[in-house]
Each structure stands twice: as structure tokens, then as C-alpha cells.
Amino acid sequence: QVHLVESGGGLVQPGESLRLSCAASGMTFSDYAMGWFHQVPGKDRAFVAAISWTGGSTVYADSVKGRFTISRDNAKNTVYLQMSSLSSEDTAVYYCAADPQGGKNPAKYDYWGQGTQVTVSS
């Protein structure tokens, strides 16, 4: 059974940084592209970043380009999201997801974590 467990969320001030982690189990991690999505109450889940099986290809939402970095460590079955220059607009629940193909469409992803809350506030 596949499990994705996010960690690293919390409360930070505007301008600060945070690193999210997502540990995978029950799957051959290197066979899956991984994505990060976020969701605020009343809105659909939105794409943040995705990374290919090997980590050689990444894609970002325009709103996070230059501020967020997605990476993965296949030896540790873990994907990361390094977030910097955070603003209140980044406040959301952040989810990691796995799919053999990946991409920006959340409907394509097979497996999801439970989410971790990120709150940016002074």
C-alpha cells in the first residue's frame, strides 16, 4: 500500500523560508514523477511544482518560479520543496502526490499525502 507523508509545515513570517518533505513508502519511488500542490479553503487544489523520475526535469507554477525549488532523493524515497521569500499568498495546505507521468494536472496523480499546513503571517 502506497503511503505519502508530508512534513515540515508550520508558521513562518513573510520573507522567511521553509522546507517541506514527503516520504514515500509502498512503491518503487524512482518509477514515479512527484508533484507538490496546495489548497486554500474554498478553492481547488493548485499545482505548485513537479519533478521527473530521475530529478532531471522540473516544472513550476509561475507564482513560485525563482522562489521554490523541488528536488528528490531516490535513495531516501523522499521529495522536497524548498520555499523561500514566502508571503501570505503562499498560505495553504501543501500536498505531495505521485504519478508515473507527473505534470500539472492534479487529476492525473494516483497517490496523495495527507497534507501539511503552511501559514505565512506576521
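Since we're looking at a predicted model, the values are computed, not measured.
Remark: side-chain polar atoms of S52 are not paired, donor with acceptor, to backbone N or O of A33 under 3.5 angstrom. At least one donor-acceptor pair closer than 3.5 Å links the side chain of T116 to the backbone N or O of G9. Within the 3.5 Å criterion, the main-chain N or O of C96 finds a donor-acceptor partner in the side chain of E6. The main-chain N or O of G10 is never found under 3.5 Å from a side-chain atom of Q117 such that the two would form a donor-acceptor pair. A distance-only check finds no donor-acceptor pair linking the side chain of Y109 to the backbone of K104 [under 3.5 Å]. Under a 3.5 Å cut-off, the side chain of S121 and the backbone N or O of T119 do not form any donor-acceptor pair. Side chain of R67 to main chain of Q82: no donor-acceptor pair is present (N/O by atom type, distance under 3.5 Å, no hydrogens or angles). Side-chain atoms of T28 never come within 3.5 Å of backbone atoms of S30 as a donor-acceptor pair (strictly under, hydrogens ignored).
A distance of 8.5 Å separates OG of S57 from CD1 of I51, quoted to the nearest 0.5 Å. Distance CE/M83 to CG/L18: 4.5 Å, rounded to 0.5 Å. A distance of 9.5 Å separates OG of S21 from CG of L81, quoted to the nearest 0.5 Å. With rounding to the nearest 0.5 angstrom, the CG atom of N77 is 13.5 Å from the NE2 atom of H3.
L4 and Q114 make their closest contact through O-OE1, 3.4 Å (heavy atoms, listed as atom of the first residue, atom of the second, distance). Shortest non-hydrogen contact noted between A23 and T78 is CA-OG1, 4.1 Å. Contact detail for Y94 and L20: the closest heavy-atom pair is CB-CD1, 3.5 Å. Scanning both residues, M27 and A98, for their nearest heavy atoms gives CE-CB, 3.8 Å. V40 and T91 get closest at one heavy-atom pair: CG1-O, 3.1 Å. In this structure, P100 and D110 approach most closely via the heavy-atom pair CD-OD2, 3.4 Å.
Using a 4.5 Å heavy-atom threshold, the side chains of L86 and E16 count as separate. Contact of the C22 side chain with the Y80 side chain is not registered, since no non-hydrogen atoms from C-beta on lie closer than 4.5 Å. Here the side chains of Q101 and K108 are in contact, with some heavy-atom distance below 4.5 Å. W36 has its side chain within reach of I70: a pair of non-hydrogen atoms, C-beta onward, lies under 4.5 Å apart. The closest side-chain heavy-atom distance from P14 to S87 is not below 4.5 Å. Between D44 and F37 there is no side-chain heavy-atom pair separated by less than 4.5 Å.
Cation-pi geometry between R45 and Y95 is met: under 6.0 angstrom from the ring centre, within 45 degrees of the axis.
Every residue two or more places apart in sequence or in another chain that forms a salt bridge (charged side-chain N to carboxylate O under 4.0 Å, His left out) with K65 is listed here: D62.
Ring-centre distance between W53 and F29: not below the 6.0 Å cut-off.
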